[in-house]
Amino acid sequence: MITVVGAGTGVPLPEDVAAGAELVVGGRRHLDAVRLPEGAERVVLGPLAPALDTVGEYDAKDRPVVVLASGDPGFFGIVRALVERFGARRLEVRPGVSSVAAAFARIGLPWDDAVVVSAHGRDPRTAVNVCRAHPKVAVLTGPGSGPAELGAALLDSERVLVVASALGDPDRESVRRVTPAEAAARDWGTAVSVVLCLDERRVPRGSRTVAGPAGAPAGWALGESEFTHRDSMITKFEVRALALARLGPRLGDLVWDVGSGSGSVAVECARLGAAVVAVEKAADGVERIRANARTHGVDVRVVHGTAPAALSELDDPDTVFVGGGGRELPAVVTACARRARRAVVVALAALDRVPAVREALRGAGFDCDGVLLQSSRLTPLPGDVTRLAAANPVFLLWGVRPTALVEGVVQ
């Protein structure tokens, strides 16, 4: 068997953990903390592949191996690599306290409602988007995706960062509470850290009965009455339902809602877990978007400006929703399509704009499709009878970037 033991966040290793092992693999500080059996080979973890090769040589001969890891080795840890290489039946895992659990414990907060994301060896944009969307996030960092980089990406957000480094090391452990600007300006060295990103304005409501983030909201494509709007200038729920289906907002995504109006699409995307930027040129519209976001308990960044100029300073989105139908619409769609990683969805009422919007999507390399949505709602009449009231028809066009290109962009 390969015994995998978690330690290093304040719980000492049992003295007998390496007893009988012929090979002990782990970080230098973990190896120094155990008494190795006489004659046992010691491998200091650096590059993972050579260490796994050595483990494989011993395992093939049924010689006992112990792997020492930080915290809970099954939580973004080495267990995944060992299972892929040797299979779960070859492992005996003794978990310790995960670094995330230890970090939240140090500041006295529960974490059953937290989202955990790893930026270690990954593109940090997903972690940044999760931090923008959720009030309580733990980020496992790594070289090039550390506290400074995370802070720099969150400069415009109202977040508090708690940087927890070297947890469990009595000489080096550090837990610091900083603003994003303070995190960005500091040299954090090479220590791997856990960064807790907290939005202290938003407190989860009610008691929790299951672990993990809230997940999908209870209902979507909400009625227009759920939003503040001006003179019914709002994307109707029938249109919004299909728009959301084509946008596919999800955890870690960044969505633009351009020409946001009341912000109904922006709010719905945020309720589904995405980070959202709403772009709106009317000052009263900006305030309505913010009010609707507060009402629904989500964080939507609102940019007061006119597209496409207002888009130049924004991070590239995964998906974009474009509303409105002015003469500038084709130019706005073109600008959005050049930047979107996955899809662009456009709602418009004017037939005359449809060919130009389709050309803008195709010109950016998207596969384009669309429908004309016509709906009639049940409406009561005097005498306890009902009629059908027709809503204005709306064109919904969408462009989806081909899969091969999306994978290339993500990588």
Side-chain angles (χ1 to χ4, degrees), residues 216-250 253 255-274 276-282 285 288-289 292-293 295-296 298 300 302 307 317-330 332-333 336-337 340 342-358 360-361 366-379 387-400:
W220 52 285
L222 303 175
E224 292 86 76
S225 62
E226 299 288 333
F227 301 94
T228 299
H229 52 87
R230 177 176 60 85
D231 300 330
S232 295
M233 298 294 292
I234 181 173
T235 304
K236 303 303 187 288
F237 72 77
E238 301 97 324
V239 178
R240 205 178 326 123
L242 182 55
L244 290 168
R246 291 295 177 260
L247 290 168
R250 59 192 179 187
D253 278 353
V255 179
W256 290 352
D257 180 6
V258 181
S260 187
S262 66
S264 62
V265 173
V267 168
E268 295 246 41
C269 288
R271 292 178 73 241
L272 290 166
V276 184
V277 178
V279 180
E280 174 56 39
K281 64 182 180 181
R288 273 191 292 273
I289 298 166
N292 284 324
T295 296
H296 291 278
V298 295
V300 173
V302 186
D318 293 281
T319 58
V320 183
F321 178 76
V322 182
R327 294 179 179 177
E328 72 282 359
L329 182 62
V332 173
V333 173
C336 293
R342 193 168 73 240
V344 176
V345 178
V346 186
L348 66 160
L351 172 63
D352 297 2
R353 308 271 186 245
V354 171
V357 169
R358 293 183 69 197
L361 294 172
F366 287 91
D367 294 333
C368 185
D369 206 343
V371 296
L372 173 64
L373 295 177
Q374 296 176 291
S375 63
S376 296
R377 300 183 182 181
L378 296 177
T379 303
R387 74 181 182 92
L388 287 173
N392 290 331
V394 174
F395 291 98
L396 198 71
L397 305 178
W398 58 87
V400 178

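Quick note: numbers below take in every heavy atom, side chains included, and nothing from hydrogens, waters or symmetry partners.
- The CD1 atom of I289 sits 7.0 Å away from the CG atom of D257 when rounded to the nearest 0.5 Å.
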Dump the intermediate steps for side-chain contact (heavy atoms from CB on, under 4.5 Å) on L361 and V333, then the final yes or no. CA-CA 7 Å; L361 294 172; V333 173; 3.8 Å; yes
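- Looking at S262 and T228, their side chains never come closer than 4.5 Å, going by heavy atoms from C-beta outward.
- Judged as a side-chain contact (heavy atoms from CB on, under 4.5 Å), and not counting sequence neighbours, S225 has no contacts.
- The backbone N or O of A241 sits nowhere less than 3.5 Å from a side-chain atom of R246 that would complete a donor-acceptor pair.
- Within the model, atoms NZ of K281 and OG of S260 stand 13.0 Å from one another, a figure rounded to the nearest 0.5 Å.
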For residues 345-355, dump all side-chain donor-acceptor pairs below 3.5 Å to protein atoms at least two apart in sequence or in another chain.
| residue | atom | partner | partner atom | Å |
| --- | --- | --- | --- | --- |
| R353 | NE | G325 | O | 3.0 |
| R353 | NE | G326 | O | 3.4 |

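- For E280, there are no side-chain hydrogen bond (donor to acceptor under 3.5 Å, both in side chains) partners at least two apart in sequence or on another chain.
- With rounding to the nearest 0.5 Å, the separation of CG in L242 from CG in L396 is 5.0 Å.
- The nearest pair of heavy atoms linking V300 to A278 is CG1-CB, 3.8 Å.
- Every residue meeting the side-chain contact (heavy atoms from CB on, under 4.5 Å) condition with R240, not counting sequence neighbours, appears here in chain and number order: L222, E224, F227, I234, T235, F237, L244, S264, V265, E268.
- Across all their heavy atoms, A360 and A337 have their closest contact at O-CB, 4.2 Å.
- The closest donor-acceptor contact from the side chain of H296 to the backbone of E226 lies under 3.5 Å.
- Side-chain atoms of V371 and W398, non-hydrogen and from C-beta on, do get closer than 4.5 Å to each other.
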Kindly determine whether R358 and L397 satisfy side-chain contact (heavy atoms from CB on, under 4.5 Å), including the steps that lead there. CA-CA 7 Å; R358 293 183 69 197; L397 305 178; 3.9 Å; yes
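- Every residue two or more places apart in sequence or in another chain was checked for a ring-ring contact (aromatic ring centres under 6.0 Å, His included) with F366, and none qualifies.
- The shortest heavy-atom contact between A270 and V298 is CB-CB, 3.7 Å.
- Counting heavy atoms from C-beta outward, V255 and D318 have side chains that stay 4.5 Å or more apart.
- Salt-bridge annotation for D253 and R342: present, with a side-chain N of the basic residue lying under 4.0 Å from a carboxylate O of the acidic one.
- Taking the side-chain hydrogen bond (donor to acceptor under 3.5 Å, both in side chains) definition, one finds that S375 meets it with E238, sequence neighbours left out.
- Side-chain contact between V320 and V258 is present, with at least one heavy-atom pair separated by less than 4.5 Å.
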